[in-house]
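Here's the structure, in structure tokens; my notes come after.
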Amino acid sequence: MYAVIFRAEIAELDSRYAEMAARLRDLAISKYGCTEFTSCAEEGREIAISYWDSEAQIREWKQNVDHLIAQGEGKRKWYTSYSVEVVKMVRSYRSGRG
């Protein structure tokens, strides 16, 4: 299992961003094998974590045309800076009901 951690300093998130983010999340899950996608934005920062079964899925997702367009918009308009980390999960556990 792999996780992709995206962190960004927000410049401006507009309605196009919200539409694009929702569409890309659905596409990553339905077509590219993303198993979970969580994001949060507050105080001018955003963090998104997605989970994948393989590095190959992540590479394919990175080259998706719509994702490339969103990356360009992010660089030009939505973010002042960002970082991406791809990590291999060593251990995972949970507590609580559900």
Side-chain angles (χ1 to χ4, degrees):
M1 176 73 62
Y2 293 83
V4 175
I5 304 167
F6 172 83
R7 297 177 202 185
E9 297 291 326
I10 298 171
E12 174 188 350
L13 301 183
D14 55 16
S15 61
R16 176 158 164 72
Y17 167 83
E19 294 167 10
M20 179 75 80
R23 190 163 46 89
L24 290 178
R25 176 181 294 148
D26 291 344
L27 185 61
I29 291 169
S30 67
K31 185 173 180 184
Y32 290 92
C34 176
T35 60
E36 183 179 341
F37 189 104
T38 304
S39 66
C40 178
E42 65 181 16
E43 297 183 10
R45 287 181 257 177
E46 178 180 0
I47 184 166
I49 305 172
S50 57
Y51 297 91
W52 307 79
D53 290 326
S54 73
E55 284 185 277
Q57 291 172 320
I58 296 167
R59 282 191 297 274
E60 288 177 26
W61 169 240
K62 186 175 180 353
Q63 296 305 313
N64 171 273
V65 172
D66 291 332
H67 191 205
L68 290 170
I69 291 168
Q71 289 172 40
E73 286 287 309
K75 290 175 186 176
R76 282 188 299 279
K77 184 175 185 179
W78 298 327
Y79 305 117
T80 56
S81 64
Y82 68 89
S83 67
V84 177
E85 299 169 279
V86 177
V87 299
K88 186 170 185 175
M89 194 176 307
V90 174
R91 180 180 307 105
S92 175
Y93 51 91
R94 297 176 187 245
S95 176
R97 297 182 189 119

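Below, each value reflects all heavy atoms present in this structure, side chains not excepted, and no hydrogens, waters or symmetry copies.
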Margin query: Distance alone, cut at 3.5 Å: any donor-acceptor contact between the side chains of N64 and Y32?
Written below: yes

Notebook entry, point to check: Same hydrophobic cluster for Y51 and F37, using side-chain heavy-atom links shorter than 4.5 Å among ILVMFWY?
Noted result: no

Check: Do W52 and S50 have side-chain atoms, one donor and one acceptor, less than 3.5 Å apart?
Finding: yes

Note to self: Could you check whether R25 and S39, counting side-chain N and O atoms only, form a donor-acceptor pair closer than 3.5 Å?
What the structure shows: yes

Notebook entry, point to check: Which heavy atom of A11 sits nearest a heavy atom of K77, and at what distance?
Noted result: CB-O, 3.4 Å

Check: Counting only heavy atoms not in F6, do more than 12 sit closer than 6.0 Å to its CZ atom?
Finding: yes

Next item on the list: Using the side-chain contact (heavy atoms from CB on, under 4.5 Å) rule, take Y2 and D53 through it: C-alpha gap first, then chi angles, then the decisive distance, then the call.
Entry: CA-CA 6 Å; Y2 293 83; D53 290 326; over 6 Å; no

Checklist line | Test applied, side-chain hydrogen bond (donor to acceptor under 3.5 Å, both in side chains); reference residue, Y79; option that passes from E46, E73, Q71 | finding: E46

Notebook entry, point to check: How far apart are the closest heavy atoms of D14 and W78, and which atoms are they?
Noted result: OD1-NE1, 3.1 Å

Next item on the list: Start with the C-alpha distance between M1 and T35, add both sets of side-chain angles, then the distance that settles side-chain contact (heavy atoms from CB on, under 4.5 Å), and finish with yes or no.
Entry: CA-CA 10 Å; M1 176 73 62; T35 60; 4.2 Å; yes

Margin query: With clusters defined by side-chain heavy atoms of hydrophobic residues (ILVMFWY) lying less than 4.5 Å apart, directly or transitively, does I29 cluster with V65?
Written below: no

Check: Which residues pass the side-chain contact (heavy atoms from CB on, under 4.5 Å) test with R7, sequence neighbours left out?
Finding: I5, I47, S83, E85

